[in-house]
Protein chains: 2
Amino acid sequence: MDGDSRKIPTHEVTYARLRDMILFGHLAPGAAVTIQGLVVDLGAGMTPVREAIRRLTAEGALEPQGNRRVSVPRMSAGMLEQVAFARLTIEPKLSEMAAKNLTPELIGLLQSLDNQVDQAIRAGDVPGYLEANHAFHFCLYEASAAPVLVDMARSMWLRFGPSLRVVCARFGRVSLPDRHLEALAAMRAGDGTALRAAIERDIAQGIEQVQAALAQGEI
Amino acid sequence: MDGDSRKIPTHEVTYARLRDMILFGHLAPGAAVTIQGLVVDLGAGMTPVREAIRRLTAEGALEPQGNRRVSVPRMSAGMLEQVAFARLTIEPKLSEMAAKNLTPELIGLLQSLDNQVDQAIRAGDVPGYLEANHAFHFCLYEASAAPVLVDMARSMWLRFGPSLRVVCARFGRVSLPDRHLEALAAMRAGDGTALRAAIERDIAQGIEQVQAALAQGEI
DNA sequence: GCTGCGATAATTTGATCAAATTTCTTGAAC
DNA sequence: GTTCAAGAAATTTGATCAAATTATCGCAGC
């Protein structure tokens, strides 16, 4: 029962939980992240919490404030520009590399993940949308067999995460044409170049959302 | 006043020391990195050592072995390809961005760092060369005011580090034309495009060194 | 406005527990 | 009698926790 929950160490679980909180916009930009706070909230010991915070700080998901405090970074225009450049460089490349390794089974899995994305959008289920969208992208990227570049993409998504909560607030106002359909069509056709282009447009669209929110001072 | 030795926390110092050991090729690829070993070697407590290892693992500088041990990653052809792509994407971009912010004082500092590089090469001082070369590149990159991309570059250099010890063994056999001179000339001329090109060639040259060593089974 | 005091939180240590690896032993088969 | 292998003890190393220490911040008093 709880014997197998013992298999996976506490600091890994704690890391995963804190990471997902950041990744899916549950933590506001600028919010303080304290060790003792997380010890209480997550019910973990001090050492696992420390490690989770350190790891995420190293990944750029959290920001040291100088005076040994840590907080969720605020997005600025400059940061967004850098993240946009990195994402638009790395992720299309990953897509193209993945195209060579896609099997019918994997494409089927990606299709079902995209169905979950659509379903979440129709249901207005924002957390569900974010998780399914993340799963879709990284399921594809991991097929690239390029762990170094996937790590870089993960870091960029973590820097993006806190801003998602404001983008979510725009959901009602802005339509989201689904680039994933183009991507899936390219996968089935075995067309790496088209897949790359579809992913590139998908990313550019997401970045524009955040850029617009930023310009309107919603972040 | 001199209480500043206590100002900077132990885990930061420990992190910096371990990072430099990796960055400058003092640790062999595949070598085991144990907490207790570092506790003895670095004379630090267990918690600071743990944190240093976690941070560096998150940065890709160390590799978990599955059975909760960590080791220095071995470079493979696939890894090298990914690191090469990332470096050749990020670092020329950083150079071009930095070009806009270079002051005469900064160019002077970079010139003196390059002098240290030359001096170390002439003296056959390998550690000195590695440190000065690193300082030159990141002094330039930090002028870009793009901390996100600089972090990515740092991570790539850390993945490169362990391979440097074998590249160093080739020093006697291979000549190293100095691309830094072209870079410095471009800086003085205020030519961002030329600076970008010079740095790109410098990086490509370094990668070719490792590629050649890898092909000959020296790693 | 500056200084010292108290509260809060981070840092660090050392001890203890758990997991994994290595080594040693034992027993059976040839 | 020798060899090999399975299993158990011992050692090494990692994980977690709780207590003691130290730094930082806010606030009162001068």
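Order of the sequence lines sets the chain letters (A, B, ...), proteins ahead of strands, with each chain counted from 1. Keep in mind that the numbers below use all heavy atoms, side chains included, and drop hydrogens, waters and symmetry copies.
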S.K.: Check nucleotides 11-14 of chain D for protein N or O atoms closer than 3.5 Å to its own N or O atoms and list the pairs.
M.R.:
residue, atom, partner, partner atom, Å
D:dG14, OP1, B:I35, N, 3.3
D:dG14, OP2, B:I35, N, 2.9
D:dG14, OP2, B:Q36, N, 3.4
D:dG14, O3', B:R68, O, 3.4
D:dG14, N7, B:Q36, NE2, 2.7

S.K.: Only counting residues at least two apart or in another chain, list the ones meeting side chain to side chain donor-acceptor pair (under 3.5 Å) with A:E12.
M.R.: A:R55
S.K.: Which residues pass the ring-ring contact (aromatic ring centres under 6.0 Å, His included) test with B:H26, not counting sequence neighbours?
M.R.: none
S.K.: List in numerical order all residues of residues 57-64 of chain A for which some heavy atom is under 4.0 Å away from an atom belonging to DNA chain D.
M.R.: none
S.K.: For residues 108-117 of chain B, run the donor-acceptor check on the side chains, cut-off 3.5 Å, and write out each pair with its distance to 0.1 Å, sequence neighbours left out.
M.R.:
residue, atom, partner, partner atom, Å
B:Q111, OE1, B:R188, NH2, 2.4
B:Q111, NE2, B:N115, OD1, 3.2
B:S112, OG, B:L109, O, 2.9
B:D114, OD1, B:H180, ND1, 3.0

S.K.: According to side chain to side chain donor-acceptor pair (under 3.5 Å), who are the partners of A:Q82, at least two apart in sequence or on a separate chain?
M.R.: none
S.K.: Show which side-chain atoms of residues 143-154 of chain B pair as donor or acceptor with protein atoms under 3.5 Å away, not counting sequence neighbours.
M.R.:
residue, atom, partner, partner atom, Å
B:S144, OG, B:Y141, O, 2.5
B:S144, OG, B:A146, N, 3.2
B:D151, OD2, A:R159, NH2, 3.3
B:R154, NH2, B:E142, OE2, 2.6

S.K.: Testing the basics here: between A:G128 and A:A120, what is the closest heavy-atom pair and its distance to 0.1 Å?
M.R.: C-CB, 3.7 Å
S.K.: For B:E81, give me all partners under salt bridge (Lys or Arg N to Asp or Glu O under 4.0 Å), at least two apart in sequence or on another chain.
M.R.: none
S.K.: Considering residues at least two apart in sequence or located in another chain, which fulfil the salt bridge (Lys or Arg N to Asp or Glu O under 4.0 Å) criterion with B:E59?
M.R.: none
S.K.: I need the CG-P distance between A:L42 and D:dT16, as an integer number of Å.
M.R.: 14 Å
S.K.: When you check the phosphate oxygens OP1 and OP2 of D:dC17, does a side-chain N or O of A:T47 lie under 4.0 Å from one of them?
M.R.: no
